[in-house]
Trainee: 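Have a look at this one before I ask anything.
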Amino acid sequence: MSSYRIQGATGEWEVVIGLEVHAQITTQAKLFSGSATAFGAEPNTQVSLVDAAMPGMLPVPNRECIRQAVRTGMAIDAQINKWSRFDRKNYFYADLPQGYQISQLYHPLVGEGQIEIVLDEKNPEAGTKVIGIERIHVEQDAGKLMHDQHPTMSYVDLNRSGVALMEIVSRPDMRSPAEAGAYLTKLRQILRYVGSCDGNMDQGSMRADVNVSVRRPGEEFGTRTETKNVNSVRFVMAAIEHEASRQVDVLEAGGKIVQETRLFDPGTGTTRSMRSKEDAHDYRYFPDPDLLPLELSDAFLEECRASLPELPDAKRARYTETLGLSAYNAAVLTADVDTAAWFETLITASAAKQGKDEAAVAKQAANWLTSELFGALNKLGKGLEDSPVSPEAAAELLSLVGDGTISGSIAKQVLEKMLETGDGAAAIVEREGLKQTTDTGAIEAAVDAVLAANADKVEQYRGGKEALFGFFVGQTMKAMAGKGNPQLVNQVLKAKLG
Amino acid sequence: MRNHRFELMTDLTELGVAALRDGVAGGAFTATEVAQAFNAAVEAAQGALNAFIVTTPDAALAAAAKVDAMRAAGQPLGKMAGVPIGMKDLFATKGVQTTAASKILEGFVPPYESTVSQKLWDAGAGMLGKLNLDQFAMGSSNETSGFGKVISPWRKGDDTTPLAPGGSSGGSSAAVAARIAPAATGTDTGGSIRQPAAFTGISGIKPTYGRCSRWGVVAFASSLDQAGPMARDVRDCAIMLEAMAGFDPKDSTSLDLPVPAWEAGLNADLRGKKVGIPREYRVDGLDADVAKSWDDGIAWLKDAGAEIVDISLPHTKYALPTYYIIAPAEASSNLARYDGVRYGLRDLPEGANLQEMYAATRAAGFGDEVKRRILIGTYVLSAGFYDAYYTQAQKVRALISQDFMKAFETVDVILTPTAPSAAFPLGQKSTDPVEMYLNDVFSVPASLAGLPAMSVPAGLSRDGLPLGLHVIGRPLDEQGVLNASLALEQRAQFSAKPGKWW
């Protein structure tokens with residue numbers, strides 16, 4: 001994957017990618033005003049006098065936004081700048097009431113950090129790669145223009161105006177669309193763990209500006225283009241793929257890459273020019289005189305650090321090393337913070353029910369969750385977040401398997417019933433009479449009947465065709481409607497077949 | 001009886017803040033009588049002076065009625081109870097048009113009240129109206145207002161040539177000097193309280209940056225703008241500043257400190273105090289009248305017990321150019337919000353797109369001086385010029401502050417003239433911006449350093465026009481500034497007032 005190359009007519013090209021991710025900070029209030037930030041509210045219902053830039057209105061920083069950005073910086077192992085400052089980025093647009101965006105150009109809140117990506121989740125041999133992060137700064141979002149409300153006029157919705165964003169700027173360290181996809185996925189994962197951004201790309205809570213250039217392997221960086229506001233991992237990868245091959249085509253035809261801003265069209269998967277560097281705004285950045293420099297105390301930083309949860313890499317390592325999960329299960333279960341939380345509630349409840357420690361029930365729980373529950377929910381078109389079966393109910397089911405009350409295959413039936421009815425596992429097993437039988441008399445009777453009905457196969461087995469053993473187990477279990485204790489069935493069969 | 005009442009009302013307008021407050025509290029007259037007297041005076045002068053953009057007699061009466069009712073009910077009265085004031089039209093007033101004297105905000109009625117004006121109303125003051133000013137507080141003569149120039153009540157003897165009331169708080173200075181308001185709010189970015197106070201023979205103090213909330217004050221240059229009182233004398237300024245100042249969580253640059261009892265702390269005995277006289281302010285060609293009044297001031301402070309110390313503020317000569325980079329830079333950004341999209345003027349030519357609407361709106365709404373400063377500010381912040389101008393100016397600003405801090409290691413206050421001349425005729429300097437900017441040469445350094453500074457009347461020029469003396473103090477030492485000013489006031493015995501020619 002790291003050797004991703006574009007085969008041009010004149011030879012191989014390497015792609016160089018950097019991402020600027022805008023992540024909306026999850027807070028009740030905007031960066032510099034008390035307005036609410038809920039997604040999907042009626043236009044202009046979440047707008048304060050500050051957000052609308054009324055005369056004489058002043059910004060006051062929202063402590064929680066700063067806190068979340070600092071925690072995010074800590075989660076990517078970044079330098080936290082105890083002294084930072086807000087700057088004004090000046091330009092005119094109808095969605096920008098102040099005529100400037102309050103951002104941080106010269107002294108960002110968070111400095112150098114890094115994120116480690118797994119190059120191929122399905123191939124542990126592929127290894128990992130560290131992607132550098134240059135900075136995270138905090139800034140205001142703009143409002144939104146609505147062009148479809150009136151035949152000749154555009155309307156402005158200021159609900160988003162002033163919402164707090166983190167701009168997370170990577171180093172140009174990625175070399176393929178897949179690496180960029182893995183970086184974005186990992187970044188989203190970390191933000192969701194930290195709780196600083198919900199990562200909802202379809203609602204615009206997270207979007208990426210994609211910087212792409214191409215070069216001959218080993219040579220200097222080429223001229224880059226920036227594709228703005230790409231809002232899914234898939235689109236980011238598509239935009240890179242298209243933009244890189246477009247650049248190769250231009251260069252191979254003897255042309256030059258123009259440093260410019262481009263737009264991605266999700267319909268066609270292509271990018272097109274928006275404005276070139278010559279048309280670029282002169283933003284006239286200068287320190288915002290309405291705001292004092294942001295100075296963070298040691299106590300504040302300590303509180304930020306203490307409030308960080310276990311992060312994805314640490315959790316994943318713990319799942320394999322302490323809980324003994326497979327690398328695959330550990331990856332799947334830590335991919336999203338909510339999945340991990342669900343799993344951890346499950347093993348806590350399972351351990352309690354089964355009187356064991358968590359490590360002893362983790363493997364069973366992980367296997368069941370990743371194969372049984374995910375499969376069943378998938379069929380219902382549901383995600384874990386709207387699973388009708390709670391972790392506590394699942395723990396009850398797993399304990400019934402654990403103590404031999406039901407077999408694994410009966411557990412599948414019980415799960416289906418649980419999803420259908422919402423009833424508890426024990427109640428279903430009781431009601432449906434699914435309890436596994438350990439009554440050797442009943443098992444012997446069933447085995448006798450099976451052997452009698454298949455005398456020819458018994459002959460063959462005894463003649464050396466031992467593979468038929470499985471057939472006899474199957475027939476016996478069938479005859480017992482799946483309720484025979486598998487170990488006992490095996491024992492009895494072995495004895496009777498001699 | 002009717003005659004007596006009329007005389008009483010005339011006399012009332014001769015009273016200042018303290019006398020009105022005490023008179024209302026003591027029952028010598030009612031707040032309503034006070035409001036009626038000033039409402040009448042405002043109405044009588046409006047045509048001649050144009051001090052107000054809108055008058056609000058009903059607001060003055062309503063506030064007065066409330067004070068009278070509170071007094072009747074035996075409730076405690078506020079610091080400004082029964083005192084009607086003029087409100088500079090840079091302060092947002094809920095339900096009353098707020099324009100910053102610009103056509104771009106004509107008709108704009110804020111649904112909110114500035115912190116400072118609210119504090120004044122809470123202290124029992126009433127509003128006579130919104131006072132005229134230089135447009136967006138940019139000017140030193142009140143000629144840049146979009147609502148007509150303010151005429152100073154002062155005249156050179158029998159000469160009827162209209163004189164500048166100073167600026168930008170020219171409506172405020174004219175109203176107080178003309179006895180149509182006992183006091184008024186001002187704002188000061190580079191001298192906009194002090195210079196007009198000097199031009200009109202009244203007192204005005206710009207407190208330490210951060211003392212008064214900027215919330216709800218239309219911004220000119222955020223790092224410099226400070227509100228302050230303009231009144232007849234030092235005591236009145238102290239009273240009113242107490243009512244205006246205080247921490248405001250809605251302004252990040254507001255100082256989270258208690259408001260001192262400045263009025264109670266007034267003390268003109270300056271024994272043990274040192275007063276600095278900065279040699280750099282004694283510029284070549286300093287107006288002889290101004291030089292003389294400065295010397296008078298030095299003698300008065302000596303008489304009050306102070307020791308006079310020659311000091312140096314070496315970066316003084318760079319203050320004006322520095323100010324004219326920083327203030328326009330901030331203004332160019334602060335004024336970007338007046339774009340015709342959400343409020344105020346919108347000029348939408350047939351078939352215009354968004355950029356064309358911006359251009360048309362701002363071309364029609366802003367006056368020439370505002371446009372000049374937006375252009376200067378945009379230029380100094382531009383790529384390629386930023387470091388040479390803005391960054392450099394910030395460095396010089398720091399040096400100017402250091403000059404003061406160093407001086408304050410030895411002196412308690414600094415005495416200078418407020419302005420380089422007495423009031424000039426309207427129109428005399430309006431064609432030469434640099435000539436106009438030079439009016440701020442003595443007031444700008446204290447603004448850049450964020451220091452408290454006050455102008456008090458010192459006497460009259462040979463032409464019979466007021467001259468002001470300027471006291472600059474340490475950060476947060478408004479008391480020291482007020483006390484030195486009080487010592488000057490007591491010795492200057494300034495009693496001149498403009499003849500009532502309107």
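We name chains A, B, ... by the order of the sequence lines, and we start the count at 1 in each one.
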Trainee: Measure B/Ala329 against the heavy atoms of chain A and call it side chain, backbone, both or neither at under 4.5 Å.
Mentor: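 Answer is backbone: N, CA, C or O of B/Ala329 sit under 4.5 Å from chain A.
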Trainee: Give, as side chain, backbone, both or neither, the part of A/Tyr91 having an atom under 4.5 angstrom from any heavy atom of chain B.
Mentor: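 Contact with chain B: none, neither part.
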Trainee: For B/Gln355, is it the side chain, the backbone, both or neither that has a heavy atom under 4.5 Å from a heavy atom of chain A?
Mentor: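 For B/Gln355, the contact with chain A is made by the side chain alone.
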Trainee: Quick check: closest heavy atoms across A/Pro55 and B/Tyr112, and the distance to 0.1 Å?
Mentor: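 Of all heavy-atom pairs spanning A/Pro55 and B/Tyr112, the closest is O-OH, 2.5 Å.
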Trainee: Which atoms of B/Phe108 come close to chain A, meaning under 4.5 Å heavy atom to heavy atom: side chain ones, backbone ones, both, or neither?
Mentor: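 Only the side chain of B/Phe108 comes within 4.5 Å of chain A.
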Trainee: Assess whether side-chain contact (heavy atoms from CB on, under 4.5 Å) is satisfied between B/Leu354 and A/Phe92, documenting all intermediate values.
Mentor: CA-CA 10 Å; B/Leu354 182 64; A/Phe92 284 94; over 6 Å; no
Trainee: If you look at every heavy atom in B/Ser333 and A/Arg88, which pair is closest and at what distance?
Mentor: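 Here B/Ser333 and A/Arg88 meet closest at OG-NH1, 2.9 Å.
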Trainee: Considering residues, nucleotides and ligands other than B/Lys94, do more than 12 of their heavy atoms fall under 6.0 Å from its NZ?
Mentor: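 No - once you tally the heavy atoms of other residues, nucleotides and ligands closer than 6.0 Å, there are 12 at most.
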Trainee: May I ask you to check whether over 12 heavy atoms, not counting those of A/Lys144, lie within 6.0 Å of atom NZ?
Mentor: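 Atom NZ in A/Lys144 is not packed in, count stays at 12 or less.
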Trainee: Among B/Val380, B/Asp251, B/Asp339, B/Ile326, which has the most heavy-atom pairs under 4.5 Å with chain A?
Mentor: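 Most heavy-atom pairs under 4.5 Å with chain A: B/Asp251.
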Trainee: Please check this pair: side chain of A/Asp282 against backbone of B/Ser382, looking for a donor-acceptor N/O pair closer than 3.5 Å.
Mentor: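 Side chain of A/Asp282 to backbone of B/Ser382, a donor-acceptor pair under 3.5 Å: no, none is there.
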Trainee: Closest heavy-atom contact between A/Pro289 and B/Tyr209?
Mentor: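 The answer is O-OH, 4.2 Å.
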Trainee: Evaluate side-chain hydrogen bond (donor to acceptor under 3.5 Å, both in side chains) for B/Tyr386 paired with A/Arg284, printing each intermediate quantity in order.
Mentor: CA-CA 8 Å; B/Tyr386 178 81; A/Arg284 291 169 282 124; over 6 Å; no
Trainee: Tell me, out of B/Val218, B/Thr98, B/Thr378, B/Leu335, who's got the most heavy-atom pairs with chain A below 4.5 Å.
Mentor: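 That would be B/Thr378.
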Trainee: Heavy-atom cut-off 4.5 Å, strictly under: side chain, backbone, both or neither for B/Asn334 against chain A?
Mentor: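 B/Asn334 touches chain A through backbone and side-chain heavy atoms alike.
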Trainee: Is the backbone N or O of A/Met54 less than 3.5 Å from a side-chain atom of B/Arg342, with the two atoms forming a donor-acceptor pair by type?
Mentor: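 Not a single qualifying donor-acceptor pair exists.
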Trainee: For the interface with chain A, which of B/Ser223, B/Pro249, B/Gly216 has the highest count of heavy-atom pairs at distances below 4.5 Å?
Mentor: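 Max contact count across the listed options: B/Gly216.
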Trainee: Looking only at heavy atoms and a cut-off of under 4.5 Å, which of A/Tyr100, A/Phe32, A/Tyr283 has the most pairs with chain B?
Mentor: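 Highest number of heavy-atom pairs under 4.5 Å: A/Tyr100.
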Trainee: Would you say B/Tyr358's side chain and A/Ala94's backbone share a donor-acceptor pair under 3.5 angstrom?
Mentor: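 The answer is yes, because a donor-acceptor pair under 3.5 Å joins these two groups.
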Trainee: Nearest heavy-atom pair of A/Leu49 and B/Pro111: which atoms, and what distance?
Mentor: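 Nearest pair, atom of A/Leu49 first, then B/Pro111: CD2-CG, 4.1 Å.
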Trainee: So, taking the atom named OG1 in B/Thr391 and the one named CZ in A/Phe286, what distance separates them when rounded to the nearest 0.5 Å?
Mentor: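 If I round to the nearest 0.5 Å, the distance is 12.0 Å.
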Trainee: Is atom CD of B/Glu356 surrounded by more than 12 heavy atoms (other residues, nucleotides or ligands) closer than 6.0 Å?
Mentor: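 Atom CD in B/Glu356 is crowded, with more than 12 foreign heavy atoms closer than 6.0 Å.
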Trainee: Could you report the tightest heavy-atom contact between B/Thr253 and A/Leu291, atom names first, then the distance?
Mentor: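 For B/Thr253 and A/Leu291, the tightest heavy-atom pair comes out as CG2-N, 4.5 Å.
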Trainee: Please classify the contact between B/Tyr338 and chain A as side chain, backbone, both or neither, with a heavy-atom cut-off of under 4.5 Å.
Mentor: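 B/Tyr338 touches chain A through side-chain heavy atoms alone.
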Trainee: So which atom in A/Asp290 and which in B/Ser252 form the shortest heavy-atom distance, rounded to 0.1 Å?
Mentor: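 Minimum heavy-atom contact is O-CB, 3.6 Å.
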Trainee: Within a reach of under 6.0 Å around OH of B/Tyr389, are more than 12 heavy atoms found that belong to other residues, nucleotides or ligands?
Mentor: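 No, the 6.0 Å shell around OH holds no more than 12 heavy atoms from other groups.
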Trainee: Looking at A/Thr152, A/Val60, A/Val50, A/Leu96, which has the largest count of heavy-atom pairs under 4.5 Å with chain B?
Mentor: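 Of A/Thr152, A/Val60, A/Val50, A/Leu96, A/Val60 has the most heavy-atom pairs under 4.5 Å with chain B.
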Trainee: With chain A as the partner, which of B/Ala383, B/Ser213, B/Ala92 has the greatest number of non-hydrogen pairs under 4.5 Å?
Mentor: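 If we count pairs closer than 4.5 Å to chain A, B/Ala383 comes out on top.
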Trainee: Please flag which part of B/Val217 lies under 4.5 Å from any non-hydrogen atom of chain A: side chain, backbone, both or neither.
Mentor: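 Contact with chain A involves the backbone of B/Val217 alone.
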